[in-house]
Amino acid sequence: MQLEGKRIVMTGGASGIGAATVLAFAKQGAAVISTDVQDEAGKAVVAEAAKLGVGPIKYMHCDVSNQDEVNQVFDTAVAELGGLDVMANLAGVEKNVAAEDVNEAEIDFIMNVHVKGTMYTNAAAFRYMKDTGGSIINYTSLAGISGFPGIPIYGAAKGAVLGWTRNVAKDWGQYKIRTNAVAPFVMTPMAQLTFDQMSEEAFAGVKAWFQMMVPLGGWLGDVEDSANVNIFLASDASKFITGQTISVDGGFVMVR
Ligand SMILES: NC(=O)c1ccc[n+]([C@@H]2O[C@H](COP(=O)([O-])OP(=O)(O)OC[C@H]3O[C@@H](n4cnc5c(N)ncnc54)[C@H](O)[C@@H]3O)[C@@H](O)[C@H]2O)c1
């Protein structure tokens, strides 16, 4: 067990990569408090994880775009865990909006969760890690690194997550806090939603592009592929790694 004794708070634990990560962290022996806004789904994942793990696994409601709520939930969660070693921030939303159609509501919908949510959760985690060190895992996207058709606000938000991650890695290294980002390309409800919002023609084009660009299979990976990288980043095996982006995308993006 690579995470025995690790105390972890997570966001976005009700679905997709987050749900797979709750299960993966539990299997590795961690104590986990998983948060999300989809309470029923979040509780169901935690119930399954509790059967696999040794550490306590619990669920709490937390909207990452609300700073007061984030601070309150982190206070309660960290008090329950008795400290904080790892914070994995997987909450996310997506909506395809053409660049020429941007408006305040669409910008806020995406930026509030990805950009503000990353900053609020990271700052809350810092308060508990500054005396002990720890690992913060953020989620960026190839849309924020090399671009992706049809999701420019999301891509801009993920570019901001990347910039934030690198900057706080510089600031918080002195506290032995590591801050890294993962850029996944794996099949989840969010990935499906992105494809569902495309025209048939656009989706056919994207599929052909994936075939050409992804050497490992020409398509998206599995949620476990990204959860396994979260185990590595949460564990002491990555103790000299900070400010990095690990792409879990079958080789789609090879530049940073
Ligand atoms: N799936 C991919 O290929 C892919 C690619 C690039 C980046 N990502 C990123 O990976 C992360 C996980 O995505 P996923 O694909 O598993 O998506 P998902 O939709 O399956 O899960 C996202 C979770 O975030 C939760 N969430 C949404 N708004 C929230 C809020 N305000 N507060 C708290 N939780 C909230 C949702 O309820 C959901 O459980 C996201 O940050 C996403 O942007 C995913």
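When a ligand or atom number is given, it counts from 1 through the structure's own listing order.
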Novice: Counting only heavy atoms, which portion of Asp63 has something under 4.0 Å from ligand 1: side chain, backbone, both, or neither?
Specialist: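 Both backbone and side chain.
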
Novice: Given the rule in the side-chain hydrogen bond (donor to acceptor under 3.5 Å, both in side chains) test, do Tyr59 and Asp39 qualify, once you have shown the distances and angles that lead to the verdict?
Specialist: CA-CA 8 Å; Tyr59 175 80; Asp39 296 334; 2.6 Å; yes

Novice: Would you say Ala191 and ligand 1 have an N/O pair spaced under 3.5 Å apart?
Specialist: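 For ligand 1, there is no N or O atom that lies under 3.5 Å from one belonging to Ala191.
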
Novice: Should Thr188 be counted as touching ligand 1, given the test is an N or O pair under 3.5 Å?
Specialist: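 It does: an N or O of Thr188 is found under 3.5 Å from an N or O of ligand 1.
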
Novice: Only heavy atoms of Ser141, strictly under 4.0 Å: list the atoms of ligand 1 that pass.
Specialist: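 The atoms of ligand 1 under 4.0 Å from a heavy atom of Ser141 are 6 (C), 7 (C).
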
Novice: Can you check whether Val97 reaches Ile151 side chain to side chain, under 4.5 Å on heavy atoms?
Specialist: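 Sidechains of Ile151 and Val97: no contact.
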
Novice: Of Tyr120, Phe74, Trp172, which is the lone residue that meets ring-ring contact (aromatic ring centres under 6.0 Å, His included) with Phe126?
Specialist: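 Result for ring-ring contact (aromatic ring centres under 6.0 Å, His included) with Phe126: Trp172.
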
Novice: Any idea which part of Lys158 is under 4.0 Å from ligand 1, heavy-atom wise: side chain, backbone, both or neither?
Specialist: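 The side chain, only.
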
Novice: I need the atoms of ligand 1 closer than 4.0 Å to a non-hydrogen atom of Gly16, numbered in the order shown.
Specialist: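 Heavy-atom distances to Gly16 below 4.0 Å select 16 (O), 20 (O).
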
Novice: Can you find a pair of side-chain heavy atoms, one from Val182 and one from Asn230, that are under 4.5 Å apart?
Specialist: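 The answer is yes; the side chains approach within 4.5 Å.
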
Novice: Heavy-atom contacts under 4.0 Å between Cys62 and ligand 1: side chain, backbone, both, or neither?
Specialist: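 Just the backbone.
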
Novice: Can you pull out the closest protein heavy atom to atom 5 (C) of ligand 1? Residue, atom name and distance to 0.1 Å, please.
Specialist: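 Heavy-atom neighbour on the protein nearest atom 5 (C) of ligand 1: Pro184 O, 3.1 Å.
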
Novice: Under 6.0 Å between ring centres: does that hold for Trp219 and Phe195?
Specialist: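 Ring-ring flag for Trp219/Phe195: true, centres closer than 6.0 Å.
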
Novice: Indicate yes or no: at least one non-hydrogen side-chain atom of Ser34 is less than 4.5 angstrom from one of Val45.
Specialist: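 Of all side-chain heavy-atom pairs linking Val45 with Ser34, none is under 4.5 Å.
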
Novice: Identify, by atom number and element, the atoms of ligand 1 in contact range of Gln38, meaning under 4.0 Å from any of its heavy atoms.
Specialist: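 By the 4.0 Å cutoff, the relevant atoms are 36 (C), 37 (O), 38 (C), 39 (O).
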
Novice: I want to confirm something. Looking only at heavy atoms, which of Val93, Val186, Val73, Val37 is nearest to atom 2 (C) of ligand 1?
Specialist: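 The nearest heavy atom belongs to Val186.
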
Novice: Around Glu200, counting heavy atoms of other residues, nucleotides and ligands shown, do more than 12 lie under 6.0 Å from its CD?
Specialist: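 Open.
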
Novice: Looking at Lys6, Gln2, Glu4, which hits side chain to side chain contact (heavy atoms under 4.5 Å, CB included) with Gln28?
Specialist: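 Checked Lys6, Gln2, Glu4 against Gln28; only one passes side chain to side chain contact (heavy atoms under 4.5 Å, CB included): Gln2.
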
Novice: Please report whether ligand 1 has a polar contact with Val64, defined as an N or O pair separated by less than 3.5 Å (distance criterion only).
Specialist: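 N/O-N/O distance under 3.5 Å: yes.
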
Novice: Would you tell me which option among Phe185, Tyr154, Tyr139 has the nearest heavy-atom contact to atom 43 (O) of ligand 1?
Specialist: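 Shortest heavy-atom distance from atom 43 (O) of ligand 1: Tyr154.
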
Novice: How close does the nearest protein non-hydrogen atom get to atom 27 (C) of ligand 1, and which residue and atom is it?
Specialist: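 Protein heavy atom at minimum distance: Gly92 O, 3.3 Å.
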
Novice: Closer than 4.0 angstrom: is that true for some heavy atom of Thr140 and an atom of ligand 1?
Specialist: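 It does, in that a heavy atom of Thr140 comes within the 4.0 Å cut-off of ligand 1.
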
Novice: Considering only the protein, which heavy-atom contact is closest to atom 20 (O) of ligand 1, and what is its distance?
Specialist: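 For atom 20 (O) of ligand 1, the nearest protein heavy atom comes out as Ser15 OG, 2.6 Å.
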
Novice: Of the side chain and backbone of Thr35, name the one, both, or neither that has a heavy atom under 4.0 Å from an atom of ligand 1.
Specialist: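 No part of Thr35 comes within reach of ligand 1.
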
Novice: Give the contacting part of Val113 toward ligand 1: side chain, backbone, both or neither, where contact means a heavy-atom distance below 4.0 Å.
Specialist: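 Under 4.0 Å from ligand 1, Val113 contributes side-chain atoms alone.
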
Novice: Can you tell which part of Glu94 has a heavy atom less than 4.0 Å from ligand 1: side chain, backbone, both or neither?
Specialist: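 Neither; nothing of Glu94 gets under 4.0 Å from ligand 1.
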
Novice: Below 3.5 angstrom, do we get any N/O pair linking Ile17 and ligand 1?
Specialist: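 There is such a contact, yes.
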
Novice: Would Arg7 and Asp85 count as a salt bridge (charged side-chain N to carboxylate O under 4.0 Å, His left out) if you check the C-alpha gap in whole Å, the side-chain angles of each, and the deciding distance to 0.1 Å?
Specialist: CA-CA 5 Å; Arg7 299 157 299 183; Asp85 302 302; 2.9 Å; yes

Novice: Consider every N or O of Gly18 and every N or O of ligand 1, then say whether any pair is closer than 3.5 Å.
Specialist: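 No: no nitrogen or oxygen of Gly18 is under 3.5 Å from one in ligand 1.
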
Novice: Taking the six-membered ring for Trp, are Trp209 and Phe252 closer than 6.0 Å centroid to centroid?
Specialist: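 Trp209 vs Phe252: aromatic centres under 6.0 Å.
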
